[in-house]
2 protein chains.
Amino acid sequence: MADVARLAGVSHQTVSRVLNGHPNVRAETQARVQAAIEELGYRRNSSARALVTRRTGVIGVVAFDTTHYGPAQTLAGIEHAARADGYFLSVVTLQTVTPAAVREAMDYLAQQSVEGYVVIAPKRAVVEGLADQPAGRPVVAVEGGEAPDVPMVCVDQVGGGYLATRHLLDLGHRTVHHIGGPRDWLEAEGRIEGWRRALEEAGAEIPEPHFGDWRPRSGYDIGVRLAADPAITAVFVANDQMALGTLRALAEAGVRVPEDVSVVGFDDIPESAFFTPPLTTVAQDFTEVGRRGIGLLIDLLEESGDGAAAPPARRVVPARLVTRTSTAPARA
Amino acid sequence: MADVARLAGVSHQTVSRVLNGHPNVRAETQARVQAAIEELGYRRNSSARALVTRRTGVIGVVAFDTTHYGPAQTLAGIEHAARADGYFLSVVTLQTVTPAAVREAMDYLAQQSVEGYVVIAPKRAVVEGLADQPAGRPVVAVEGGEAPDVPMVCVDQVGGGYLATRHLLDLGHRTVHHIGGPRDWLEAEGRIEGWRRALEEAGAEIPEPHFGDWRPRSGYDIGVRLAADPAITAVFVANDQMALGTLRALAEAGVRVPEDVSVVGFDDIPESAFFTPPLTTVAQDFTEVGRRGIGLLIDLLEESGDGAAAPPARRVVPARLVTRTSTAPARA
DNA sequence: CTGAAAGCGCTTACAG
DNA sequence: CTGAAAGCGCTTACAG
């Protein structure tokens, strides 16, 4: 900066003013400074700046092992939104998901003086890790169902589960079986609640749900058992990967989809349109979740007016049913 | 730090020594300082530290839209490796993949004073963007095939393509058809080269390859055409998602896999074991790629001895064939 | 509209 | 083994 000032024949002070777009600089001076900056390829030292402004412009993100489609997409959404607003993203990916690991990750990020956190928190353990954070930096959770204290943005899982189940009931199925995700996932919980609500509302029998681990294998194993019960005509599976396994188990057992059994998934991963048969499923707008999560955090950071920030309504992103050919009317 | 020094009854200088693990501190003094740090919940200001040490400990990562399995996994691998070595990761995800976008992303990261870059560069355009970087910070590319100047770590794509094709030839197929990825992807190029090499080596006819866009739909569209040709008995598809589409097209056309046609994919995504039928494919160790990429960059940053850093051999991670039931011996 | 001064919170030689 | 001094490169009041 000293070099730039010298070349432009001004004080380093004025260079700073130009850099920060302060109004009180003569146009001609500004041009000269700009030229000097270009010529020298000068780049402001971010550490020095952060030291004095007490702002690093860095948002810490605690992400998940990204083999899961949802968390991976959410991370991308968060990144785009943050960059659009001029923030940097420092990411830690959780390997083991325990409250301690979450705290450790946040602690690690704190070393880098992040201004706030976005935590992808679809599991209960993550939300618990959030609970007893040393106050100070704002935290926004994303994909986390109902969290007591932490501001949260998520897709309407209950609504999505309801949508899927309602779709099957509307096709004339007497009831709908469910293959849920792991019970410590808040998303799994939301989806099962939506399923139950739709059944209750329709006065349908509520069969005992089964629980998988999100992976195709578990959907397959449960599917093998479901295939053995000829009374079953409709299954709502809590994610597309498990639904894939279920489809495979049904096919192997000679159960036709959708003629004998209708199947609905959840997530709308890129592959699901090409399953055998193409899967009816529930799509989530992860990009929007990321955008709102970052928006909420930035509101908190910049305390735009009232402390209430975004109204709760803006924090729930609706789910959307995508109808393909794995579902059909129940046989009479 | 001043507060800590006061509480411990030493100079802030000594506090710094304790923080940095300098040897020349009396054990008793150190304990007192530690206690003071704990009591005050003191945390060193990273900006001040970076300002004087000229090291931010931040590695910039230019990643890809993470809907692709490979890049997503690689990112996770990079993150784990970086954290294990005490580095922070600042990530930019590319939306449009052009040389200009790559430069822009690196420029953005430069604002944050990253010490070096790991760039996920499976497309030619990314490698081009890397070419004319203003020197200064070291760059390591990952997943990028052959790059002229930039140090590179990648899975042996040629070897993988060879493995897949060889497997089919070994099963007695006279030749192997190929559905390649987009031609501007270096990985697609490597796989096709391995395919061609295996065919040449076996003296087999080399059919005209087809090219998809990695997505299931394109594998489907090409599969529809392949299904119409009864002479075809073996297909090597450049990724699992397209292979999924191909399987679907074959099934719809009444072509049985593997009885009529054998299919091999590439990537070993979590779903592929549950395709119809379970897919024989080529697995890549992305974690290892991430680890070596970070290792290489850190070598560069810390200039451990000679400038040669890791020997080229260490930079190529072997691919591995995973045999499932989508492949079978050719009919006599 | 522009400059001289002070200070952000650290680390790095330099003394002792 | 420990402290007093200088300085990293910025921004923020304060003058003028």
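Order of the sequence lines fixes the chain letters, A, B, ..., with proteins taken first and strands second; residue numbering starts at 1 for each chain.
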Nucleotide interval of DNA chain D bounded by contacts with chain A (heavy-atom cut-off, under 4.0 Å):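 Nucleotide range in contact with chain A: D:dG9 to D:dA13.
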
Intra- and inter-strand pairs of DNA chain D in dot-bracket (Watson-Crick or G-U wobble, both distances under 3.5 Å; | for another strand): |||.||||||||.|||

Donor-acceptor side-chain pairing of [X] and [Y] below 3.5 angstrom:
X        : Y        : answer
B:Ser90  : B:Gln112 : yes
B:Glu143 : B:Gln284 : no
B:Arg54  : A:Asn45  : no

Sugar-phosphate, base or nothing in reach of A:Arg17, heavy atoms under 4.0 Å: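 Base: the residue A:Arg17, judged by heavy atoms under 4.0 Å, touches a nucleobase.
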
Sugar-phosphate only, base, or nothing, as touched by B:Thr29 at under 4.0 Å among non-hydrogen atoms: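 It contacts sugar-phosphate atoms only.
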
Are any side-chain N or O atoms of [X] and backbone N or O atoms of [Y], one a donor and one an acceptor, separated by less than 3.5 Å?
X        : Y        : answer
B:Thr56  : B:Ser113 : yes
A:Tyr117 : A:Val140 : no
B:Thr53  : B:Arg49  : yes

Nearest-nucleotide 5' precedence on DNA chain D, B:Val25 against B:Ala48: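 Per heavy-atom nearest nucleotide, the more 5' residue is B:Val25.
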
Closest-nucleotide 5' rank along DNA chain D - winner of B:Arg54 and B:Ser11: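 Checking each residue's closest nucleotide, the 5'-ward one belongs to B:Ser11.
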
Step-by-step ring pair (Phe, Tyr, Trp, His ring centres under 6.0 Å) determination, A:Phe64 to A:Trp185: CA-CA 13 Å; A:Phe64 244 71; A:Trp185 283 66; 5.5 Å; yes

Parallel, tilted or perpendicular: ring planes of A:Phe286 versus A:Tyr69, cut at 30 and 60 degrees: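 A:Phe286 vs A:Tyr69 ring planes: perpendicular.
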
